[in-house]
Student: 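This is the structure I want to talk about, given as structure tokens.
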Amino acid sequence: MAVATAAALLAALGGALWLVSRRFVGSRAQRLHGHGDPGLMHGKTVLITGANSGLGRATAAELLRLGARVIMGCRDRARAEEAAGQLRRELAQAAGPAPDAAGELIVKELDLASLRSVRAFCQELLQEEPRLDVLINNAGIFQCPYMKTEDGFEMQFGVNHLGHFLLTHLLLGLLKSSAPSRIVVVSSKLYKYGDINFEDLNSEQSYNKSFCYSRSKLANILFTRELARRLEGTNVTVNVLHPGIVRTNLGRHIHIPLLARPLFSLVSWAFFKSPLEGAQTSIYLASSPEVEGVSGRYFGDCKEEELLPKAMDESVARKLWDISEVMVGILK
Ligand SMILES: NC(=O)c1ccc[n+]([C@@H]2O[C@H](COP(=O)([O-])OP(=O)(O)OC[C@H]3O[C@@H](n4cnc5c(N)ncnc54)[C@H](OP(=O)(O)O)[C@@H]3O)[C@@H](O)[C@H]2O)c1
Ligand SMILES: *[C@@H]1O[C@H](CO)[C@@H](O)[C@H](O)[C@H]1NC(C)=O
Ligand SMILES: *[C@@H]1O[C@H](CO)[C@@H](O)[C@H](O)[C@H]1NC(C)=O
């Protein structure tokens, strides 16, 4: 009996140690690109959607550290101001010999679930900002219950794809006049389980929250590839990435039974990336000289990766583009 208990305790201890070691070995390996030169983004303006939380927040922190003027496009001003305040304090505490090298943070209201909000946001930005060097389409919503945006689109398709589609369209002139400039799109490996079912883009016939998330992330990739094709010769590049599995607030709509929560916390602490680790590919595509001129590619862990054929289908990409133009009301 005592032997069995001791064995069980030893096994638990061994398991815990293994998790801890995995955690720390993993984190070192993931931070290869976190040491950019502090002045790298000096003089550059970057817009990050959903910059108050998770990957967007970590991306904002790092680009700020690299000297960028970072515009946080967020749907909730209070949450965004709070995050901005924290980021400024963290930066002030961490500032080494040259605190002046850091950039600045600007908070602006942007609700991607409202085309009216996207238009108002862009109108203001175009009036106030003389340039835009990097646009990071990062905001996202994951497996929510069936909801519609203000304009009647299924929420995940509406926010993750259509809101960003209109945003990018309205900012393209400024990006072009600021060239060389970059667009970075945050997708997910889960795109693999999606399809663009043109006959029910608003999921009125049936709603499957996993499918709709995957569909929106597939749309992010098809959008990137079609946009890259349209932007050839402009010196505006666009690339798409998957961040891996990251500990953020993305799972807010997923219900985990109370009893399973400690286990989930342990597993996510041990195996999920931290937001800063997860943001490395966004930061890399936004700032690294290594990807100057590279466009239309898919990245993970700061390296190019292959796509499934369905994400490279040019006719689906074109059709999605045309329908998106009609849905957001920009068809000339
Ligand atoms: N975490 C992962 O494991 C993972 C894996 C693959 C891909 N991704 C992708 O990574 C991106 C960032 O997600 P995250 O993991 O950092 O999650 P997160 O912590 O939940 O951050 C998502 C951000 O998007 C914002 N957002 C949601 N709906 C919006 C709307 N209607 N208008 C404007 N902003 C809106 C959120 O604002 P509020 O705070 O106001 O809600 C938040 O700032 C997403 O595109 C997601 O699909 C994440
Ligand atoms: C929902 O979609 C996912 C991903 O496409 C699929 O694996 C799953 O079987 C679907 N669920 C139902 C109930 O159809
Ligand atoms: C793109 O950049 C190259 C190299 O800097 C430059 O020669 C070219 O004129 C630029 N093209 C446009 C359309 O800005």
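Just so it is clear, the values below take in all heavy atoms, side chains as well, and ignore hydrogens, waters and symmetry mates. One-based numbering along the sequence shown. All ligand and atom numbering here is 1-based and tracks the order in the structure.
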Student: Return the closest protein heavy atom for atom 5 (C) of ligand 1 as residue, atom name and distance.
Tutor: Gly244 O, 3.1 Å

Student: Quick one: does Lys176's side chain get under 4.5 Å of Leu231's, heavy atoms only?
Tutor: yes

Student: Is ligand 1 less than 4.0 angstrom away from at least one heavy atom of Ala80?
Tutor: no

Student: Just jot down the ligand 1 atoms closer than 4.0 angstrom to any heavy atom of Val186, in number order.
Tutor: 9 (C), 10 (O), 11 (C), 45 (O)

Student: Tell me, which pairs form a ring-ring contact (aromatic ring centres under 6.0 Å, His included) where one or both residues lie in residues 306-328, sequence neighbours left out?
Tutor: Phe165-Trp321, Phe223-Trp321

Student: Could you say whether the N/O atoms of Val159 and ligand 1 ever approach to under 3.5 Å?
Tutor: no

Student: Would you call Arg57 a ligand 1 contact, heavy-atom distance under 4.0 Å?
Tutor: no

Student: Below 4.0 angstrom from a heavy atom of Asp111, which ligand 1 atoms are there? Numbered from 1 as shown, please.
Tutor: 30 (C), 31 (N), 32 (N)

Student: Is the His242 to Tyr298 ring centre distance short of 6.0 Å?
Tutor: yes

Student: Is there at least one protein heavy-atom neighbour under 4.0 Å from atom 2 (O) of ligand 3?
Tutor: yes

Student: So, for atom 14 (O) of ligand 3, does the protein have a heavy atom nearer than 4.0 Å?
Tutor: yes

Student: With a cut-off of under 6.0 Å to the ring centre and 45° to the axis, is Arg215 in cation-pi contact with Phe157?
Tutor: yes

Student: Look at the side-chain heavy atoms of Ile, Leu, Val, Met, Phe, Trp and Tyr, link any pair under 4.5 Å apart, and say whether Phe198 and Leu222 land in one connected group.
Tutor: yes

Student: Would you say Glu128 has more than 12 foreign heavy atoms packed within less than 6.0 Å of its CD?
Tutor: yes

Student: Mind checking whether Val134 and Met41 have side chains closer than 4.5 Å, heavy atoms only?
Tutor: yes

Student: Looking only at non-hydrogen atoms, which of Phe121, Phe142, Tyr191, Tyr213 approaches atom 47 (O) of ligand 1 most closely?
Tutor: Tyr213

Student: Compare all side-chain heavy atoms of Asn202 with those of Met327 and state whether any distance is below 4.5 angstrom.
Tutor: yes

Student: Heavy atom under 4.0 Å from ligand 1: found in His242's side chain, backbone, both, or neither?
Tutor: neither

Student: As an exercise, identify every atom of ligand 1 less than 4.0 angstrom from a heavy atom of Ala113.
Tutor: 31 (N)

Student: Work out whether the distance between some heavy atom of Lys273 and some atom of ligand 1 is less than 4.0 Å.
Tutor: no

Student: Counting only nitrogen or oxygen atoms and a 3.5 angstrom limit, does Leu112 reach ligand 1?
Tutor: yes

Student: Could you check whether Arg69 pairs with Glu129 (Lys NZ or Arg NE/NH1/NH2 to Asp/Glu carboxylate O, under 4.0 Å)?
Tutor: yes

Student: Only heavy atoms of Ala139, strictly under 4.0 Å: list the atoms of ligand 1 that pass.
Tutor: 24 (O), 25 (C), 26 (N), 34 (N), 35 (C), 45 (O)

Student: Which residue and non-hydrogen atom of the protein lie closest to atom 39 (O) of ligand 1, and at what distance in Å?
Tutor: Asn52 ND2, 2.8 Å

Student: For ligand 1, find out whether one of its N or O atoms is nearer than 3.5 Å to an N or O atom of Pro243.
Tutor: no

Student: What residue and heavy atom of the protein are closest to atom 18 (P) of ligand 1, and at what distance?
Tutor: Ser53 OG, 3.5 Å

Student: Examine Gly50 against ligand 1 and note whether any of their N/O atoms are separated by less than 3.5 Å.
Tutor: yes

Student: For Tyr193, does the OH atom have more than 12 heavy-atom neighbours from other residues, nucleotides or ligands under 6.0 Å away?
Tutor: no

Student: Going from OG on Ser114 to CG on Asp151, what distance comes out if it is rounded to the nearest 0.5 angstrom?
Tutor: 6.0 Å

Student: Measuring from the heavy atoms of Pro275, does anything fall under 4.0 Å of ligand 1?
Tutor: no

Student: Among all protein heavy atoms in this structure, tell me which lies nearest to atom 5 (O) of ligand 2, with the distance rounded to 0.1 Å.
Tutor: Tyr193 O, 3.0 Å

Student: Give the numbers and elements of all ligand 1 atoms closer than 4.0 Å to a heavy atom of Gly54.
Tutor: 16 (O), 19 (O)

Student: Should Val159 and Leu55 be counted in the same cluster of Ile, Leu, Val, Met, Phe, Trp and Tyr side chains packed under 4.5 Å apart?
Tutor: no

Student: Could you tell me whether Glu277 and Arg247 make a salt bridge, using a distance below 4.0 angstrom between a side-chain N and a carboxylate O?
Tutor: no

Student: Can you sort out which atoms of ligand 1 are near Leu110, meaning under 4.0 Å from one of its heavy atoms?
Tutor: 32 (N), 33 (C)

Student: To the nearest 0.5 angstrom, please state how far the CE atom of Met72 sits from the CG atom of Leu105.
Tutor: 6.0 Å

Student: Could you tell me, atom by atom, which parts of ligand 2 come under 4.0 Å of a heavy atom of Asn208?
Tutor: 1 (C), 2 (O), 3 (C), 8 (C), 10 (C), 11 (N), 12 (C), 14 (O)

Student: Numbering the atoms of ligand 1 from 1, which are under 4.0 Å from a heavy atom of Ile245?
Tutor: 3 (O)

Student: Could you work out, for atom 1 (N) of ligand 1, the closest of Thr59, Thr49, Val246, Asn160 by heavy-atom distance?
Tutor: Val246

Student: I need the atoms of ligand 1 closer than 4.0 Å to a non-hydrogen atom of Ser187, numbered in the order shown.
Tutor: 6 (C), 7 (C)

Student: For the 3.5 Å polar cut-off, considering only N or O atoms, please tell me whether Ser188 and ligand 1 meet it.
Tutor: no

Student: Is the shortest side-chain N to carboxylate O distance from Arg116 to Glu150 below 4.0 Å?
Tutor: yes

Student: Does an N or O from Leu250, backbone or side chain, lie closer than 3.5 Å to an N or O of ligand 1?
Tutor: yes

Student: Look at atom 11 (N) of ligand 3 and say whether a protein heavy atom is found at less than 4.0 angstrom from it.
Tutor: yes

Student: Kindly check if the number of other-residue, nucleotide or ligand heavy atoms within 6.0 Å of CD (Gln123) is above 12?
Tutor: no

Student: Supply the atom-to-atom distance Glu62 CD to Leu87 CG, rounded to the nearest 0.5 angstrom.
Tutor: 11.5 Å

Student: Indicate yes or no: does Glu204 engage Lys148 in a salt bridge with an N to O separation below 4.0 Å.
Tutor: yes

Student: Say whether Gly140, considering both its backbone and side-chain N or O atoms, lies within less than 3.5 Å of an N or O atom on ligand 1.
Tutor: yes

Student: Could you tell me whether ligand 1 has any atom less than 4.0 Å away from a heavy atom of Arg79?
Tutor: yes

Student: Can you sort out which atoms of ligand 3 are near Gly233, meaning under 4.0 Å from one of its heavy atoms?
Tutor: 13 (C)

Student: Polar contacts were defined as any N/O atom of the residue lying under 3.5 Å from an N/O atom of the ligand; does this apply to Asp76 and ligand 1?
Tutor: no

Student: Atom 6 (C) of ligand 3: which protein heavy atom is closest, and how many Å away?
Tutor: Asn235 ND2, 4.1 Å

Student: Return the residue, atom name and 0.1 Å-rounded distance of the protein heavy atom closest to atom 11 (C) of ligand 1.
Tutor: Asn138 O, 3.0 Å

Student: Looking only at protein heavy atoms, which one is nearest to atom 41 (O) of ligand 1, and how far off is it?
Tutor: Arg75 NH2, 2.4 Å

Student: Should we say atom CD1 of Ile245 is surrounded by more than 12 heavy atoms from elsewhere, each under 6.0 Å from it?
Tutor: no

Student: Please determine if Lys108 forms a cation-pi arrangement with Phe121, meaning its NZ or CZ atom is less than 6.0 Å from the six-membered ring centre and no more than 45° off the ring axis.
Tutor: no

